[in-house]
2 protein chains.
Amino acid sequence: MDQDQADRARRARRWVTSADVARAAGVSRAAVSRAFTPGASVAPETRRRILAAAKAVGYRPNALARSLNTRRSGIVGVVITEIANPFYARLLEALGGALQARGLLPLVAVAPDPQATDDLLAHLLSYQVDGVVVASAMLSSGIAARCAAARTPVVLVDRRADAKGPQAALVGADNLGGGRLVADLLAAAGHSRPAFLAGIEATSTSDERERGFTQGLAAQGLVLAAREVGRFTYAGGLEAAQRLLARADRPDAVFCANDEMALGVIDAARTRFGLDIPRDLSVVGFDDTPSAGLAAYRLTTVAQDVAALAQAAVAALEDPAASPRRAAPQWRIPCRLVLRRSARLPEGTVPAD
Amino acid sequence: MDQDQADRARRARRWVTSADVARAAGVSRAAVSRAFTPGASVAPETRRRILAAAKAVGYRPNALARSLNTRRSGIVGVVITEIANPFYARLLEALGGALQARGLLPLVAVAPDPQATDDLLAHLLSYQVDGVVVASAMLSSGIAARCAAARTPVVLVDRRADAKGPQAALVGADNLGGGRLVADLLAAAGHSRPAFLAGIEATSTSDERERGFTQGLAAQGLVLAAREVGRFTYAGGLEAAQRLLARADRPDAVFCANDEMALGVIDAARTRFGLDIPRDLSVVGFDDTPSAGLAAYRLTTVAQDVAALAQAAVAALEDPAASPRRAAPQWRIPCRLVLRRSARLPEGTVPAD
DNA sequence: AGAGGCTTTGCACACGTGTGCAAAGACGCC
DNA sequence: GGCGTCTTTGCACACGTGTGCAAAGCCTCT
């Protein structure tokens with residue numbers, strides 16, 4: 001009696017376990033485990049009875065315990081900075097959806113700065129994550145080696161890895177192609193003095209967009225008239241425009257490495273130089289952020305297919321070839337030009353809105 | 001010899017475990033465990049030797065196994081919808097930071113719609129999360145009961161729980177106070193026909209902001225001149241403004257339940273009615289989204305202290321009183337008015353930018 | 001009816017860690 | 001030197017689940 005009472009008191013503090021269900025359904029604990037494992041060998045009638053008993057006592061398998069011996073946690077680590085940046089916010093949302101569609105869940109680490117990535121990644125790794133998605137942060141060679149040792153697939157989204165050490169799989173927008181699209185557009189609209197506004201130097205996204213742009217211009221017989229750096233921010237765009245538009249040979253078009261800087265350029269052009277967009281200056285951005293569609297801007301921009309990006313990242317995770325090795329696989333998602341009104345339109349084209 | 005070789009082969013596929021470290025350091029496995037537990041009883045010299053050995057073999061404790069018998073996973077479930085909404089994106093970023101500061105990590109579930117919340121929450125719960133933060137989704141009474149049974153603290157951010165069943169702790173901005181701030185501002189600026197643009201009916205955030213607004217107006221001897229609903233979206237704001245501004249007794253000020261709708265109202269007022277903001281119409285938003293600061297809008301708005309919101313949510317999680325019970329504790333974070341140029345300024349006040 | 005094959009079930013071990021308990025060792029005091 | 005106290009260490013069990021293996025049950029075919 002006393003023993004029973006003590007037992008009851010202890011039970012009350014514990015979770016409902018598979019043993020409770022087994023007792024309730026009159027089967028062994030192994031049968032309960034099998035009832036919750038899709039392909040397992042259980043008689044349909046037994047499974048039904050067990051599931052009913054489980055529902056009655058409010059049982060759900062403990063994912064932690066399950067992970068411990070299946071060696072699959074169902075968790076994917078995600079390292080990301082500046083979620084407040086609309087592009088990364090959309091990416092995270094799409095990534096979450098893509099993971100959930102496969103029964104996975106993202107364990108998110110917000111990196112205050114790129115240096116913090118290593119510690120966070122180590123923390124994520126201690127949860128035996130089934131994979132890691134690193135967005136907007138460098139991957140140090142040290143941590144990459146650890147992932148390789150743990151046989152944990154790593155996917156970099158829109159970033160290139162540290163040159164040294166094992167390479168990780170890479171998923172990203174086709175920045176080169178996007179840059180070329182803009183070059184073609186500006187050339188077709190008859191611009192002659194195109195400028196480029198970079199984000200942060202030595203960033204793969206900014207670099208690739210620039211290379212694609214200049215290559216595209218060259219193919220059309222044009223050269224870059226000016227170049228500035230705007231740190232990927234609105235304020236940076238304002239400042240860069242100040243320098244860019246004060247030049248004697250003012251550019252007649254600016255391609256910005258992201259939308260936020262493009263909005264800054266437009267505002268500076270209007271308020272500080274009294275220019276009309278796009279009559280006096282064409283401005284093109286990158287990302288197709290929500291603000292780009294606002295009536296006051298109607299920014300022509302290059303849209304990334306965020307959903308496809310997320311799908312590819314998850315697919316790369318499941319592909320064993322994604323685990324760090326010598327030859328790093330790459331997935332490149334095509335970009336799409338969104339024609340609005342911040343850039344002069346070539347003959348015969350119509351804006352999206 | 002053969003046995004040893006087979007053993008070695010199996011080891012190669014396994015993770016580095018505490019037993020490996022114990023062997024390397026010449027101590028028992030228990031000592032290794034204690035070396036990694038801050039307050040545990042180990043001789044300093046022994047701990048040093050063990051940590052050195054651990055570093056040498058590349059050992060990090062398995063968080064899953066640890067969670068299994070400490071009953072603390074170090075994971076906090078976060079249910080959130082529409083991360084793409086800048087306010088929730090900032091919230092998630094702040095939440096991640098606040099959790100990490102306490103050694104916790106957010107396991108994020110993206111709810112495609114409020115109905116999906118229950119399944120996702122159940123999934124999160126199976127990972128024995130130490131707590132759950134629900135943002136932007138209702139909490140059904142069924143799942144609330146399950147959390148209570150599992151003794152898992154639940155915090156609702158900016159949402160009220162289902163009226164029935166156990167209540168969860170609630171953290172949110174002081175929406176009533178925010179609404180009153182706007183009422184006072186508009187009254188002080190001499191407006192006589194204030195309108196309100198609601199987000200989604202029966203949403204606690206929209207309702208509370210409206211109540212604070214109308215109460216504040218009443219205190220100043222004013223009444224609501226008109227009221228519309230805009231679904232919290234830019235497009236909804238455009239449409240609502242269409243109806244609002246076509247009225248014979250056109251309002252001279254509109255308070256919108258969030259910034260996105262406010263931007264829609266401004267754009268509709270300018271492009272479809274040729275109004276000047278703020279000469280012909282004052283517009284005020286809520287949230288202080290990044291777009292609100294853009295030069296083309298300079299939206300006067302009510303800023304929520306997102307960092308404080310996140311801090312409070314984490315604090316509420318750690319407070320045992322936050323676990324579902326009869327009396328639900330509430331945390332209310334004060335709001336701050338950000339004066340820009342989309343609303344007429346009272347005498348003697350100066351805009352923020 | 002009996003043999004053979006297939007399905008279903010339970011036992012027992014494994015996953016990697018934390019921790020109560022007791023034993024062993026170190027140290028100071030009389 | 002002996003005793004008591006405090007620190008340090010190891011044993012062994014617990015956490016909750018999955019799964020290989022063998023036993024048992026069932027069906028079919030001869």
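Note on naming: letters A, B, ... go to the chains in the order of the sequence lines (proteins, then strands), and numbering restarts at 1 for each one. This one's a predicted model, so the numbers in the text were calculated from it and none came from an experiment.
- Place B:L68 and B:P44 on DNA chain D by their nearest nucleotides, and B:P44 ends up nearer the 5' end.
- Summarising the geometry, the separation between CG on B:D20 and C1' on C:dC15 is reported as 14 Å, rounded to the nearest angstrom.
- At the phosphate of C:dT9, OP1 or OP2 sits under 4.0 Å from a side-chain N or O atom of A:T46.
- Between the P atom of C:dG10 and the CZ atom of A:R47 lies a distance of 14 Å, rounded to the nearest Å.
- Without hydrogens or angle criteria, A:T81 side chain to A:D113 main chain gives no donor-acceptor distance under 3.5 Å.
- The CG atom of A:L64 sits 12 Å away from the C1' atom of C:dC15 (whole-angstrom rounding).
- Within the cation-pi definition used here (under 6.0 Å to the ring centroid, within 45° of the axis), A:R151 does not qualify as a partner of B:W15.
- Judged by distance alone, with hydrogens and angles left aside, the side-chain atoms of A:R49 form no donor-acceptor pair with the main-chain N or O of A:V27 at under 3.5 Å.
- Note on B:S41: every side-chain N or O is 4.0 Å or more away from OP1 and OP2 of D:dT9.
- Residue A:R102 places its CZ atom among more than 12 non-hydrogen atoms of other residues, nucleotides or ligands, all under 6.0 Å distant.
- What separates CZ of A:R23 from C1' of D:dG16 is a distance of 13 Å, to the nearest Å.
- Not one N or O on the side chain of A:R29 forms a donor-acceptor pair closer than 3.5 Å with the backbone of A:A22.
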Do any N or O atoms of the protein come closer than 3.5 Å to N or O atoms of nucleotides 17-21 of chain D, and which pairs are they?
| residue | atom | partner | partner atom | Å |
| --- | --- | --- | --- | --- |
| D:dT17 | OP1 | A:Y59 | OH | 2.7 |
| D:dT17 | OP1 | A:N62 | N | 3.2 |
| D:dT17 | OP2 | A:T17 | OG1 | 2.6 |
| D:dT17 | OP2 | A:S18 | N | 2.7 |
| D:dT17 | OP2 | A:S18 | OG | 3.1 |
| D:dT17 | O2 | A:N69 | ND2 | 2.8 |
| D:dT17 | O4 | A:R29 | NH2 | 3.4 |
| D:dG18 | OP1 | A:R66 | NE | 3.4 |
| D:dG18 | OP1 | A:R66 | NH1 | 3.3 |
| D:dG18 | OP2 | A:S33 | OG | 2.5 |
| D:dG18 | O5' | A:S33 | OG | 3.4 |
| D:dG18 | O4' | A:N69 | OD1 | 3.0 |
| D:dG18 | O4' | A:N69 | ND2 | 3.2 |
| D:dG18 | O6 | A:R29 | NH2 | 2.8 |

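- A salt bridge links A:E45 with A:R48: the distance from a Lys NZ or Arg NE/NH1/NH2 to an Asp or Glu carboxylate oxygen falls below 4.0 Å.
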